[in-house]
S.K.: 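Can you keep this structure in mind? I'll have questions shortly.
Just so it is clear, the values below take in all heavy atoms, side chains as well, and ignore hydrogens, waters and symmetry mates. Positions are given from 1 along the sequence.
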Amino acid sequence: MKRRERQAWFTGFCLLSLWAPAGAEEIGPVRAPAHPAVVAQAESTRDTGAPSQPPVASPPGGTSLEDLLLQKGSITMDEWIQVRAEQEYSGAESARRIDAIEDWKTRTELFPILRDKVNFGLNALQFLYSHQDAHVPEGKSQDNFSIRRSEILFWGRISDTLPRWHALMEFQSINFGRETPTGGSGAATGQPIAATFFRESYIDFRPFQSWAPYMNFIRMGIFRMPFGIFTETSGGLRDIISSPYLTSVGSGNGNRTGSAGTIDFLQERDFFVDVRGKLFNRLEYVAGIMNNNNFHANATGANAPKSFYTRVRLFGTDVSWISFTTIQGESNNANTNINGRGKGAFDRYGLDFRYTSKIIPGFMIQGEWWQGHDGANQTTVGRPANGACLDQTICGGSGAPGAMRRTWYVLAKYLISDGPFQNWEPTVMYEQFDPSTSMSNDLYTRTILGLTYYFENFPPKVQSKIQFNYEFRHHQGNGPGVAYDTTFDAFAQNAFLVQFQIRFM
């Protein structure tokens, strides 16, 4: 405080000293002292007649204000030395701060997180409130709070040959699951299986640098489906709260027509080995094989069914595209975690598109269409599979020749970027799922009206938002001539959901 008072006093004094009253002697051209020692000795001899203290050298760049005042005799040598001492102290303090910052930068640049070898982030932390109009069993509630996702992500880059390693841990849904047992009509439930923290874990390998991007890298491990839009998109970046029907729909036991029970049409994750690249800067491709038993295979181990898949995506612009996908292989319900697949030939054909407008910034529309065949004896996880179904109330039906299923949706949204509704994003989506194209009275439909507000929106790095969704749901039934009660069917009753999310990468 005293130092500041002295500096303020000195500044004021300097200004007053430089003002020359009327009749005062004009000041000639300002010249720097030939040497600070000469000036110091002259002034000290005049004032005190005694030798002065060793002089303080003036800073480079010309005569300073305190030097000028010393020449005029407005300040003494002691005052001049005091001012210079305070200036040197301030300069030393600034130098120490700069040295400290440089030292901090040098140390932090050595941290792995800043050298891309090890990074971590919060992929999605979601708090969900949901209200379901459907009736619930005694002791349950139509209003629920839950942590929808709690995902911690780790990733990094080792070298040009290993451009990425990736591991996603899910702390919310760590529990025991069940698999589908064998037998015609044996036990009605499968055995509990081990759970896993790892939802995703993979390595990218680039064997030939010169081949990139035509053959960019090989990816091996457990990760999201490399086809479709929703299955490939992280839950933290989706535009609606609920998962679409193309991943999973239905509940209860299966039946012999394949139109009832839970149906997992496209699992979100699996074991994969594939190759990826880009041609002509417009055409992306992915081709590989997958285990075809969902990501739970990480806990239960490898299994027999395998499928080949390929996708080609043609870009109209850097943010708009159209894709074609096919999956071909075998499916087998027994000892798997897939609902409604059945035993036998398995295929999927998909078409997806996204248009992100550059004419109307903030507007985006996308859609997907999928069709595929599931083998005979489609049944639900926990119910017996393989062979003839001796008791349809337990395991559904043998169901030859299987079922052809079809699903599609269209989604549109518009992010308002200015005005009183800035950062609000209205969304609308309509979808259908037909469990069996050869059967009637089994169609699922849903219309979702959504509204999202972004507190922060720098995807994919940082995103904080709150979402409001109201879903108009309808379910015709479980096939022709099948008794059906919509009272407890969640897919036949409307729902309201509110979700708050934080994402930081």
S.K.: So among N339, N253, N333, T180, which one has a side-chain hydrogen bond (donor to acceptor under 3.5 Å, both in side chains) with R383?
M.R.: N253

S.K.: Is the backbone N or O of L153 less than 3.5 Å from a side-chain atom of H166, with the two atoms forming a donor-acceptor pair by type?
M.R.: no

S.K.: Do the side chains of R269 and E200 get close enough for a salt bridge, i.e. N-O under 4.0 angstrom?
M.R.: yes

S.K.: Name all pairs fulfilling the salt bridge (charged side-chain N to carboxylate O under 4.0 Å, His left out) condition that reach into residues 322-343, sequence neighbours left out, sorted by first residue then second.
M.R.: none

S.K.: When you compare the side chains of T257 and N255, does any donor N or O come within less than 3.5 Å of an acceptor on the partner?
M.R.: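 The answer is yes; a qualifying pair exists.
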
S.K.: What's the spacing between T427 OG1 and L415 CG if we round to 0.5 Å?
M.R.: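 Nearest 0.5 Å value for the OG1-CG distance: 9.5 Å.
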
S.K.: Which pairs, with at least one residue in residues 165-177 and sequence neighbours excluded, count as a salt bridge (charged side-chain N to carboxylate O under 4.0 Å, His left out)?
M.R.: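 Residue pairs passing salt bridge (charged side-chain N to carboxylate O under 4.0 Å, His left out), neighbours aside: none found.
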
S.K.: Check T486 against A492 and note the closest heavy-atom contact, atom names and distance.
M.R.: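 Result for this residue pair: CB-CB, 3.9 Å.
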
S.K.: Show the nearest heavy-atom pair for residues T325 and G228, with the distance to one decimal.
M.R.: OG1-N, 4.5 Å

S.K.: Not counting sequence neighbours, which residues clear side-chain contact (heavy atoms from CB on, under 4.5 Å) with F421? List them please.
M.R.: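 side-chain contact (heavy atoms from CB on, under 4.5 Å) check on F421 returns I416, W424.
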
S.K.: Can we say R405 and D442 salt-bridge, meaning some charged N sits less than 4.0 Å from an Asp/Glu carboxylate O?
M.R.: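 Looking at R405 and D442, the cut-off is not met.
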
S.K.: Can you sort out the partners of K278 under salt bridge (charged side-chain N to carboxylate O under 4.0 Å, His left out), two or more places apart, ordered by chain and number?
M.R.: none

S.K.: Among residues at least two apart in sequence or on other chains, which ones pass salt bridge (charged side-chain N to carboxylate O under 4.0 Å, His left out) with E284?
M.R.: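 E284 satisfies salt bridge (charged side-chain N to carboxylate O under 4.0 Å, His left out) with no other residue.
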
S.K.: What's the spacing between I338 CD1 and I263 CD1 if we round to 0.5 Å?
M.R.: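 Result: 12.5 Å between the selected atoms.
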
S.K.: Do W370 side-chain atoms and F265 backbone N/O form a donor-acceptor pair below 3.5 Å?
M.R.: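 No.
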
S.K.: Indicate every side-chain donor-acceptor pair of residues 497-505 with a distance under 3.5 Å to a residue at least two apart or in another chain.
M.R.:
| unit_1 | atom_1 | unit_2 | atom_2 | d |
| --- | --- | --- | --- | --- |
| Q499 | NE2 | Q467 | OE1 | 3.3 |
| Q501 | OE1 | Q126 | NE2 | 2.7 |
| Q501 | NE2 | G236 | O | 2.8 |
| Q501 | NE2 | Q463 | OE1 | 3.2 |
| R503 | NE | P460 | O | 3.0 |
| R503 | NH1 | N123 | O | 2.9 |
| R503 | NH1 | N123 | OD1 | 2.9 |
| R503 | NH2 | P460 | O | 3.3 |

S.K.: How about M364 and S357: do any of their side-chain heavy atoms sit closer than 4.5 Å?
M.R.: no

S.K.: Report the C-alpha separation of F271 and N293 in whole Å, then their side-chain angles, then the decisive distance to 0.1 Å, and conclude whether the side-chain contact (heavy atoms from CB on, under 4.5 Å) test is met.
M.R.: CA-CA 8 Å; F271 271 113; N293 185 28; over 6 Å; no

S.K.: For the side chain of R206 and the backbone of N216, is there at least one donor-acceptor N/O pair under 3.5 Å apart?
M.R.: yes

S.K.: Test side chain to side chain donor-acceptor pair (under 3.5 Å) on Y453 and Q422; report intermediate values, then the result.
M.R.: CA-CA 9 Å; Y453 179 78; Q422 183 178 359; over 6 Å; no

S.K.: Just one of F353, F230, Y430 clears the ring-ring contact (aromatic ring centres under 6.0 Å, His included) bar with Y409, so which one?
M.R.: F230

S.K.: Taking all non-hydrogen atoms of both residues, which atom of T407 and which atom of Q432 are closest, and how far apart?
M.R.: OG1-O, 2.7 Å

S.K.: Are R276 and D274 within salt-bridge range, i.e. N to O under 4.0 Å?
M.R.: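 Between D274 and R276 there is a salt bridge, with a charged N closer than 4.0 Å to a carboxylate O.
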
S.K.: Hey, is D352 close enough to R313 for a salt bridge, meaning N to O under 4.0 Å?
M.R.: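 A salt bridge is present here (some side-chain N lies under 4.0 Å from a carboxylate O).
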
S.K.: Under the salt bridge (charged side-chain N to carboxylate O under 4.0 Å, His left out) test, which residues partner R348, sequence neighbours left out?
M.R.: D374

S.K.: Per the salt bridge (charged side-chain N to carboxylate O under 4.0 Å, His left out) rule, what does the pair list look like for residues 239-264, sequence neighbours excluded?
M.R.: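 Only D239-K413 qualify under salt bridge (charged side-chain N to carboxylate O under 4.0 Å, His left out).
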
S.K.: Do R219's NZ or CZ and the ring of Y202 fall within the cation-pi criteria of under 6.0 Å and 45°?
M.R.: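 Judged by the rule, R219 and Y202 form a cation-pi pair.
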
S.K.: Excluding sequence neighbours, so at least two apart, what forms salt bridge (charged side-chain N to carboxylate O under 4.0 Å, His left out) with R238?
M.R.: E268

S.K.: Under 6.0 Å from the ring centre and within 45 degrees of the ring axis: does the NZ or CZ of R311 meet both conditions for the six-membered ring of Y309?
M.R.: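 R311 over Y309 ring: no.
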
S.K.: Checking ring pair (Phe, Tyr, Trp, His ring centres under 6.0 Å) for the pair F468/Y470: CA distance, chi angles, key distance, verdict?
M.R.: CA-CA 7 Å; F468 305 88; Y470 192 85; over 10 Å; no

S.K.: Judged by modelled atom types alone, do Y444 and D434 share a side-chain donor-acceptor pair under 3.5 Å?
M.R.: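 Short answer, no.
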
S.K.: Classify the side-chain pair Y129/D143 by whether it contains a donor and acceptor separated by less than 3.5 Å.
M.R.: yes

S.K.: Give a yes or no answer on whether the side chain of S436 reaches the backbone of S259 with a donor-acceptor pair at less than 3.5 Å.
M.R.: no

S.K.: At what distance, to the nearest 0.5 angstrom, does CG of L314 lie from CZ of F280?
M.R.: 11.0 Å

S.K.: Which residues satisfy the side-chain contact (heavy atoms from CB on, under 4.5 Å) test with I152, sequence neighbours excluded?
M.R.: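 L122, F154, F171.
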
S.K.: I'd like to know if the side chain of R164 and the backbone of I203 have a donor-acceptor N/O pair within less than 3.5 Å.
M.R.: no

S.K.: Not counting sequence neighbours, which residues clear side-chain contact (heavy atoms from CB on, under 4.5 Å) with A134? List them please.
M.R.: Q132, Q493

S.K.: I'd like to know if the side chain of T247 and the backbone of S243 have a donor-acceptor N/O pair within less than 3.5 Å.
M.R.: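 No, T247 side chain to S243 backbone: no donor-acceptor pair under 3.5 Å.
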
S.K.: Is a side-chain N or O of D270 found less than 3.5 angstrom from the main chain of Q267, in a donor-acceptor match?
M.R.: no

S.K.: Please assess F363 against Y414 for the test ring pair (Phe, Tyr, Trp, His ring centres under 6.0 Å), listing each intermediate value before the final yes or no.
M.R.: CA-CA 4 Å; F363 176 74; Y414 176 67; 7.1 Å; no

S.K.: Please report the interatomic distance CG(L125) to OG(S150), rounded to the nearest 0.5 Å.
M.R.: 5.0 Å

S.K.: Using ring-ring contact (aromatic ring centres under 6.0 Å, His included) as the criterion, point out the one residue from F488, Y245, Y484, F433 that pairs with H475.
M.R.: Y484

S.K.: Which atom pair, heavy atoms only, marks the closest approach of G375 to S331?
M.R.: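 Scanning both residues completely, I find the closest heavy atoms to be N-OG, 4.5 Å.
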
S.K.: Does E471 reach the main-chain N or O of A495 with its side chain, forming a donor-acceptor pair under 3.5 Å?
M.R.: no

S.K.: Y355 and Q366: side-chain donor and acceptor closer than 3.5 Å?
M.R.: no

S.K.: Do you see a donor-acceptor pair shorter than 3.5 Å between the side chains of N457 and K465?
M.R.: no

S.K.: Determine whether a donor-acceptor pair (N or O, by modelled atom type, separation under 3.5 Å) exists between the side chain of Q209 and the backbone of D160.
M.R.: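 Confirmed, Q209 side chain pairs with D160 backbone.
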
S.K.: For A334 and T182, which heavy atoms make the closest approach, and how far apart are they?
M.R.: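 In this case the closest contact between A334 and T182 is CB-CG2, 3.6 Å.
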
S.K.: Just grab all the salt bridge (charged side-chain N to carboxylate O under 4.0 Å, His left out) pairs involving residues 242-252, residues at least two apart or on different chains.
M.R.: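 Those involving residues 242-252 do not exist here.
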
S.K.: Indicate yes or no for a side-chain donor-acceptor contact from T310 to the backbone of V286 under 3.5 Å, with no hydrogens or angles considered.
M.R.: yes

